[in-house]
**Q** 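Here's a structure for you.
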Amino acid sequence: MAGIEVVLMKAVAFVAIIAIGYTLKRAGFFHAHDFFLLSRMVLKITLPAAIVSNFSKISMDASMLILCGMGLLCNVFTLAVGYAVSAGKPKDKKIFAMLNLSGYNIGCFTMPFVQNFLGPLGVAATSLFDAGNAVMCTGMNYTVASMVYGEGEKPSPGRIARSLLASIPFDAYVLMTCLTLANIRLPGVFVALADTIGGANAFLAMLMIGVGFEIRADREKIKTMAELLSIRFAIGIGLALGFYFLAPLPLEVRQAVSICAVGPVGSVAPAFVGRLNGDVELASAVNSLSILMGVVTTTTALMVLL
């Protein structure tokens, strides 16, 4: 019982930080463009530091790299489901379903939960899952959708590689994975610095989500959101159960990837929808609502799995 109370208290604290960010934006303390500043701080400073900090505390063998494949295949599966459930619909509806059912918001949403409830091995497992997820989120999901749509710029392998390498969290995943596999340790002063900076990641990530949160939709759009998110989170729950009960992995790793599976939609989906002339406002609303649902599913998963 005490464990459930701790999970609920921390989850409530996360929701409170999101609410503070949203309230401060409505009060004029933050403005819409401040979301991008907070996002840069999380993605370029606190999240990479958290990755360095946690990888520095574990040992790992090459078998853990299977988690990268799991993150990639989860995206492939949700893309295929998006295509299947929109069969017979216009192309714009089809690519909207594909892009808003795929991708996982790991760095800015799931990682803070994992940081607070699982140990360094759980954070490392989440990072490896996100490395595979990032390959799809930063270009491949869009590439597949644009092929279905028949328009839009189709990223080349080189462009996708450059996009990945320009992502500091992805670079941190790759660097720390290589160092950990080689059993090379960073100097203590760097780890201490990463510990301090990475400790701010959960707060800044949740505050950023609150500042960026916005839902505007009419009845028809609400129906679309409900349908897509019901499918998305049903898939997530199914994958989480499969990972936890069937994957031949250590308990903390199974817990981590199960929590990843029930997280919200990838944060880049609205941008990709916009590139293909889709409904960006609706995609943004889906993204915001998926975060609220992700709080519920992630909290529930933590109470059940821990």
**Q** How many angstroms lie between atom CG of Leu207 and atom CZ of Phe30, to the nearest 0.5 angstrom?
**A** 4.5 Å

**Q** Any chain of hydrophobic side-chain contacts (each under 4.5 Å) joining Leu251 to Leu241?
**A**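 Yes; Leu241 is reachable from Leu251 via cluster members.
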
**Q** Could you report the tightest heavy-atom contact between Ile51 and Ser127, atom names first, then the distance?
**A**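 Closest heavy-atom pair between Ile51 and Ser127: CG1-OG, 4.1 Å.
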
**Q** So is Lys94 actually on top of Tyr149's ring, under 6.0 Å and inside 45° of the axis?
**A** no

**Q** Is the charged tip of Arg254 near the ring of Tyr244: under 6.0 Å from the six-membered ring centre and within 45° of its axis?
**A** yes

**Q** Distance-only check: which donor-acceptor pairs under 3.5 Å involve side-chain atoms of residues 188-196, not counting sequence neighbours?
**A**
residue: Asp195; atom: OD1; partner: Ser53; partner atom: OG; Å: 2.3
residue: Asp195; atom: OD1; partner: Lys57; partner atom: NZ; Å: 2.8
residue: Thr196; atom: OG1; partner: Ala192; partner atom: O; Å: 3.1

**Q** Using the rule that Ile, Leu, Val, Met, Phe, Trp and Tyr join whenever any side-chain heavy atoms are under 4.5 Å apart, tell me whether Leu8 and Met206 fall into a single cluster.
**A** yes

**Q** Can you list everything that forms a salt bridge (charged side-chain N to carboxylate O under 4.0 Å, His left out) with Asp171? Sequence neighbours excluded, please.
**A** none

**Q** For Val42 and Cys108, work out which heavy atoms get closest and say how close.
**A** CG1-SG, 3.9 Å

**Q** At what distance, to the nearest 0.5 angstrom, does SG of Cys260 lie from CD1 of Ile106?
**A** 4.0 Å

**Q** List the steps, then state whether side chain to side chain contact (heavy atoms under 4.5 Å, CB included) holds for Asn141 with Met98.
**A** CA-CA 8 Å; Asn141 289 348; Met98 292 172 67; over 6 Å; no

**Q** I'd like to know if Ile197 and Met111 are part of one continuous hydrophobic network [Ile/Leu/Val/Met/Phe/Trp/Tyr, side-chain heavy atoms within less than 4.5 Å].
**A**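 Shared cluster, no.
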
**Q** For the pair Phe29 and Thr23, evaluate side chain to side chain contact (heavy atoms under 4.5 Å, CB included) and give the outcome as yes or no after the intermediate values.
**A** CA-CA 9 Å; Phe29 184 88; Thr23 301; over 6 Å; no

**Q** Verify the neighbour count for atom CE of Met41: are there more than 12 heavy atoms of other residues, nucleotides or ligands below 6.0 Å?
**A**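 No, not enclosed.
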
**Q** Work out which heavy atom in Val280 is nearest to a heavy atom in Gly274; give both atom names and the distance.
**A**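 The answer is CG2-CA, 3.3 Å.
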
**Q** Do you know the tightest heavy-atom contact between Leu305 and Ser258?
**A**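 Closest pair (atom of Leu305, atom of Ser258, distance): CD1-CB, 3.7 Å.
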
**Q** List the atom of Val257, the atom of Met70, and the distance in Å for their closest heavy-atom pair.
**A** CG2-CE, 4.2 Å

**Q** According to a 4.5 Å side-chain heavy-atom criterion applied to Ile, Leu, Val, Met, Phe, Trp and Tyr, with indirect links allowed, do Ile58 and Leu118 form part of one hydrophobic cluster?
**A**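 Yes; tracing contacts between hydrophobic side chains, which count when under 4.5 Å, links both residues.
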
**Q** Between Asn277 and Asp92, does any side-chain donor sit less than 3.5 Å from a side-chain acceptor?
**A** no

**Q** List the steps and the verdict of side chain to side chain contact (heavy atoms under 4.5 Å, CB included) for Phe203 and Thr46.
**A** CA-CA 10 Å; Phe203 171 73; Thr46 61; over 6 Å; no

**Q** Of all residues at least two apart in sequence or in a different chain, which pass the side chain to side chain donor-acceptor pair (under 3.5 Å) check with Asn100?
**A** none

**Q** Please examine the side chains of Tyr83 and Val144, heavy atoms only from C-beta on, and report whether any two atoms are closer than 4.5 Å.
**A** no

**Q** Counting only heavy atoms not in Ile66 (residues, nucleotides, ligands), do more than 12 fall under 6.0 Å from its CD1?
**A**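 For Ile66, atom CD1 is not crowded (no more than 12 foreign heavy atoms under 6.0 Å).
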
**Q** In terms of relative ring orientation, are Phe170 and Tyr173 parallel, tilted or perpendicular, with 30° and 60° separating the classes?
**A**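 Ring orientation of Phe170 relative to Tyr173: perpendicular.
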
**Q** Any sub-3.5 Å donor-acceptor pair from Asn133's side-chain atoms to Tyr104's backbone N or O?
**A** yes

**Q** Quick one: does Gln115's side chain have a donor or acceptor within less than 3.5 Å of a partner on Gly198's backbone?
**A**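 Answer holds: yes.
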
**Q** Can you tell me how far CD1 of Ile259 sits from CZ of Phe113, rounded to the nearest 0.5 angstrom?
**A** 9.5 Å

**Q** Measure the spacing between CG of Leu24 and NE2 of His31 and express it to the nearest 0.5 Å.
**A**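 Output value for this atom pair is 11.0 Å.
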
**Q** In Å, rounded to the nearest 0.5 Å, how long is the span from CG of Leu79 to CE of Met140?
**A** 9.0 Å

**Q** Return each pair, listed once, that meets salt bridge (Lys or Arg N to Asp or Glu O under 4.0 Å) where at least one residue sits in residues 25-40; pairs must be two or more places apart or across chains.
**A** Lys25-Glu214

**Q** So how far is it from Ile17 CD1 to Leu204 CG, rounded to the nearest 0.5 Å?
**A** 9.5 Å

**Q** Going by the side chain to side chain donor-acceptor pair (under 3.5 Å) test, which pairs reach into residues 285-303, not counting sequence neighbours?
**A** none

**Q** Does a side-chain heavy-atom distance below 4.5 Å link Met176 with Leu186?
**A**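 Contact flag for Met176/Leu186 side chains = yes.
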
**Q** Passes side chain to side chain contact (heavy atoms under 4.5 Å, CB included), Phe243 versus Cys74? Steps please.
**A** CA-CA 11 Å; Phe243 291 156; Cys74 283; 3.6 Å; yes

**Q** Are Met303 and Val12 grouped together when hydrophobic residues (ILVMFWY) are joined by side-chain heavy atoms under 4.5 angstrom apart?
**A** no

**Q** Could you tell me whether the side chain of Thr78 and the main chain of Asn75 form a donor-acceptor pair under 3.5 Å?
**A** yes

**Q** Please name the pair of heavy atoms, one in Gly294 and one in Phe109, separated by the smallest distance, quoted to 0.1 Å.
**A**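 Taking every non-hydrogen atom into account, C-CZ, 3.4 Å.
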
**Q** Applying the side-chain contact (heavy atoms from CB on, under 4.5 Å) test to Cys178, which of Leu175, Leu181, Val174 qualifies?
**A**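 Among the candidates, only Val174 passes.
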
**Q** Side-chain donor-acceptor pairs under 3.5 Å in residues 226-233, sequence neighbours left out?
**A**
residue: Ser230; atom: OG; partner: Ala226; partner atom: O; Å: 2.6
residue: Arg232; atom: NH1; partner: Leu101; partner atom: O; Å: 2.9
residue: Arg232; atom: NH1; partner: Gly103; partner atom: O; Å: 2.7
residue: Arg232; atom: NH2; partner: Gly103; partner atom: O; Å: 2.9
residue: Arg232; atom: NH2; partner: Gly263; partner atom: O; Å: 3.3
residue: Arg232; atom: NH2; partner: Pro264; partner atom: O; Å: 3.2

